[in-house]
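Order of appearance sets the numbers: ligands from 1, and atoms from 1 within every ligand. Predicted model only: the values in this text are computed from it and were never measured. Numbers for residues simply follow the sequence, beginning at 1.
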Amino acid sequence: MKFSFFCKQCKHRYAVDEPVWRCTCGSLLDVEREGTFDLQSVERWDRGLWRYRAFLPVKQDGNRIRLGEGSTALVPFDLDGRRIWMKLEQGSPTGSFKDRGAAVLIGKVKEIGVTRIVEDSSGNAGAAIAAYAARADIECHIFVPESTSQTKLVQMQAYGARIIPVSGNRQQTADAALDAAKDCYYASHSWNPLFFEGTKTIAYEMLEQLESRLLHAMVVPAGNGTLVLGLWIGFRELLAAGLIDRLPKLYAVQAEACRPLVTGWKEERWPVETILPQPTLAEGIAVSCPVRGRQILDAVRESGGAVLCVEEEEIRSALSEMAGKGYLMEPTSAAAIAGCRKILPLLPREETLATVITGHGLKTVSTIEKMAFHRR
Ligand SMILES: *Cc1c(COP(=O)(O)O)cnc(C)c1O
Ligand SMILES: [Zn+2]
């Protein structure tokens, strides 16, 4: 497979080896691919994300950073009397699915000789980027909102990232990073399209793991859309390759407290006014102004899915019930389970639904501790 960067706005194209993360016109870049996915080119002897190296933009084996990402389990689970499938991404090296995006992005960054990067994150993306940068010997600066959870900060610092706290909200943190990106490579999980080449491998794995069982729908949490868009890209490749008959319906879940995509979906417009997010347990999707908002809405629409939101109480009870069954997940991931509960009754019984458990509960122990449930 061959790759390039493309700007839909001004039609400019860049080689994938150029150190760009957005177009000179200021617009978002997307990765364009030449060639199709095929199962014969999967390196079946290799476990993990790099078994799909033929479809990833990192050429040299030495740049394929390995911390044990990918090849996560897909397990059946009975939810409200219905069978669903859960892709267990909380078992990733840094505890969230963001490792997939970081592995490919940082691998490519290393390949083109970048030695210093900036990123902004309030948690898991920062941890993933910090870990992969550490492994690749790349200096890493991460802008974080002052409100960032202590556990995630400790994790980023332990990997050796330099942390720059920014007072104010998440948007102000992003602005500070954008400013720093004027003279440093921006390894942004929202702007940089290489990140999505990593998250798309979840779709490849689902194909291999479900074998002949057709997948009808996926319910996943959405903030910046690296998961929704990664799935959309991956499943579109599988569709183009004739390996699936149609895209699974993608359902994007947001928290009631911060739901710009829900507003955009209902009112069929983008952008929507930047909202002031209310506090939510689902910190991983508390993004008030996702830069790829329009793309997310278009992807969901093309798949035949929808955007929906869940309330704090629904997140809390999903988390509590899942923990009671042995699955300790981040509240953000529990939001997707709460979303599954809304979508399941709308799906015919014979249709297959899957979700992604995006992050490990150990990342948010202090939040979970405050929730104080299961005191029998
Ligand atoms: C980042 C993240 C999400 C949401 O992903 P987006 O790419 O922002 O849509 C969901 N769950 C967890 C645990 C995350 O870290
Ligand atoms: Zn452009």
For ligand 1, output the ligand-protein N/O contacts shorter than 3.5 angstrom; if there are none, return none.
unit_1   : atom_1 : unit_2 : atom_2 : d
ligand 1 : 7 (O)  : Thr226 : N      : 2.7
ligand 1 : 7 (O)  : Thr226 : OG1    : 2.4
ligand 1 : 8 (O)  : Asn224 : N      : 2.8
ligand 1 : 9 (O)  : Gly223 : N      : 2.7
ligand 1 : 9 (O)  : Asn224 : N      : 3.3
ligand 1 : 9 (O)  : Gly225 : N      : 2.7
ligand 1 : 11 (N) : Thr358 : OG1    : 2.7
ligand 1 : 15 (O) : Lys98  : NZ     : 2.8
ligand 1 : 15 (O) : Asn124 : ND2    : 2.7

Is atom CD of Gln60 surrounded by more than 12 heavy atoms (other residues, nucleotides or ligands) closer than 6.0 Å? no

Strictly under 2.8 Å of the Zn ion (ligand 2): which protein N/O/S atoms qualify? Cys7 SG, Cys10 SG, Cys23 SG, Cys25 SG

Counting only heavy atoms not in Arg47 (residues, nucleotides, ligands), do more than 12 fall under 6.0 Å from its CZ? no

Report, as yes or no, whether the 6.0 Å neighbourhood of atom CD on Glu32 holds more than 12 heavy atoms from other residues, nucleotides or ligands. yes

Take Ile112 and Lys108, measure what side-chain contact (heavy atoms from CB on, under 4.5 Å) needs, and give me the verdict at the end. CA-CA 6 Å; Ile112 62 176; Lys108 191 66 199 173; 4.1 Å; yes

Between Glu283 and Lys152, is the closest basic N to carboxylate O distance under 4.0 Å? yes

Quick one: list whatever passes ring pair (Phe, Tyr, Trp, His ring centres under 6.0 Å) with Trp21, sequence neighbours left out. Tyr186, Trp191

Using a strict threshold of under 4.0 Å (side-chain N to carboxylate O), is an ion pair present between Glu89 and Lys98? no

List for me each residue that meets salt bridge (charged side-chain N to carboxylate O under 4.0 Å, His left out) alongside Lys363, sequence neighbours excluded, and say none if there are none. none

Report the residue from Arg64, Arg51, Arg53 that forms a salt bridge (charged side-chain N to carboxylate O under 4.0 Å, His left out) with Asp46. Arg53

